[in-house]
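Notes follow once the structure below has been shown.
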Amino acid sequence: MEIKHERAVESRRMTPIRMDDGLMYEEFTTFKALSFDCYGTLIDWETGIGSVLVEWAQSIGISANQEQLLNVYADHEAAVEAEFPSMPYPQVLEQAFTRVGVELGYEVSEKQAEKLGVSVPDWPAFADSHKALERLHRHYSLIILSNVNREGFDASEKRLGIQFDEILVANEIGSYKPSPRNFHALLSRIDELGLQPDQLLHVAQSLFHDHVPAQKQGLKTVWINRRHNQPGWGATPEPSAEVYPTWEFPSLAAFADAVDAAFTD
């Protein structure tokens, strides 16, 4: 069986300020804290999820590459998170994987689903994440706002080699991004820290999970466009509305370069 499942990439954003524009980076000095999505931004979840999906597909004779399988998977994970906002993330992964099998007409065994469910600690960090986070931590407090459980993030934090100042995870908030509840929790934590919303900059790869809801809360955002040289949306659904990232960079290292330059000038 071959999978022909492609999600068209439509223009749902205005052009943000790109790294090569060389404009307005001085505004980076006005922020006191950065909030980060973790998976897709700091941790390479597409490799983590995709490797399990590809292994399953090969075992049952499905002719599909990682990108095709992620295209099928993405909407299922988002649907499970919306339907079951308090479900622990390992179970979300298992349920989403099972639904992939139903869509394609093949069984996903309990053991195969569990393999994805427990895989978060094995997902690799992007090569630039550790050093870029170290550089950014010289200028800002670092906050995590992640669609994961605490145990999964604790393992990823060790892999990243950085201690974050604040950690907010979906299973403790009681909902998954893009729910506004997650960003209300973030803004509440910012208030507890004595900061104003305009002193917070949200940094993320997913337009769907992060940029759309963050900007509805009035936050400025940095789009770490990890897929800048790839078509399609990968493991994230297509954004549900027009979105306007304030800045765009192809990597976290490029963003850290711009921040260091702003604080040097």
Side-chain angles (χ1 to χ4, degrees), residues 1-13 37-82 89 92-109 112-113 115-129 146-148 152 156 159 176-178 204-212 223-240 243 245 248-254:
M1 175 185 178
E2 288 191 26
I3 294 178
K4 295 182 179 179
H5 189 294
E6 297 292 340
R7 291 172 292 160
V9 178
E10 300 176 5
S11 177
R12 290 192 177 273
R13 61 182 177 88
D37 165 61
C38 184
Y39 300 94
T41 306
L42 308 177
I43 294 288
D44 185 0
W45 75 326
E46 291 191 349
T47 292
I49 295 171
S51 63
V52 177
L53 297 180
V54 168
E55 181 182 333
W56 165 76
Q58 290 176 343
S59 74
I60 56 177
I62 295 178
S63 178
N65 60 33
Q66 176 174 296
E67 188 70 15
Q68 291 170 317
L69 291 165
L70 290 173
N71 280 336
V72 178
Y73 175 86
D75 289 334
H76 288 302
E77 180 176 306
V80 173
E81 290 171 341
Y89 189 60
V92 168
L93 292 168
E94 293 175 16
Q95 286 287 326
F97 193 1
T98 299
R99 293 187 184 193
V100 168
V102 171
E103 178 176 336
L104 298 180
Y106 288 87
E107 180 185 4
V108 175
S109 71
Q112 289 166 327
K115 183 171 184 177
L116 181 60
V118 300
S119 67
V120 172
D122 299 324
W123 296 355
F126 288 105
D128 66 341
S129 291
S146 181
N147 272 4
V148 75
S156 296
R159 189 173 289 275
Y176 287 92
K177 297 179 295 182
Q205 184 273 332
S206 176
L207 299 179
F208 172 85
H209 294 99
D210 288 272
H211 290 270
V212 171
W223 184 18
I224 305 302
N225 187 5
R226 295 285 190 184
R227 295 181 56 89
H228 64 278
N229 58 354
Q230 297 175 267
W233 300 107
T236 63
E238 178 182 344
S240 56
V243 60
E248 176 185 352
F249 297 90
S251 66
L252 197 65

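Keep in mind that the numbers below use all heavy atoms, side chains included, and drop hydrogens, waters and symmetry copies. Throughout, numbering of the chain's residues begins at 1 and tracks the sequence.
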Going by the rule side-chain contact (heavy atoms from CB on, under 4.5 Å), which residues pair with [X] if we only count those two or more places apart in sequence or in a different chain?
X	value
Ala127	none
Thr98	Ala113
Ser109	Lys111, Gln112
Ala204	Asp37, Thr41, His202, Asp210, His211

Among all residues two or more places apart in sequence or in another chain, which pass the side chain to side chain donor-acceptor pair (under 3.5 Å) test with [X]?
X	answer
Ser206	His209
Glu55	Lys115
Ser51	none

Check your understanding: Above 12 or not: heavy atoms from other molecules or residues under 6.0 Å from CD of Gln230?
Key ->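 More than 12 within 6.0 Å, yes.
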Point to revise | Where at least one partner belongs to residues 39-80, residue pairs that pass ring pair (Phe, Tyr, Trp, His ring centres under 6.0 Å), sequence neighbours excluded | key: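 Sorted result for residues 39-80: Tyr39-Trp123, Trp56-Phe97.
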Check your understanding: Going by heavy atoms in the side chains, are Leu207 and Pro245 under 4.5 Å from each other?
Key ->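 Leu207 vs Pro245: side chains touch.
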Over all atoms of both residues, closest heavy-atom pair of [X] and [Y]:
X	Y	value
Leu69	Ala57	CD1-CB, 3.9 Å
Ala125	Ile43	CA-CD1, 3.7 Å
Val54	Asn65	CG2-C, 4.3 Å
Ala74	Pro237	O-CG, 3.8 Å

Practice item. Scan for salt bridge (charged side-chain N to carboxylate O under 4.0 Å, His left out) pairs involving residues 224-235, sequence neighbours excluded, and state none if there are none. Key: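 Qualifying pairs: Glu46-Arg227, Glu67-Arg227, Asp128-Arg226.
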**Study point:** Evaluation steps, side chain to side chain contact (heavy atoms under 4.5 Å, CB included), between Val212 and Ser240
**Key:** CA-CA 8 Å; Val212 171; Ser240 56; 4.3 Å; yes
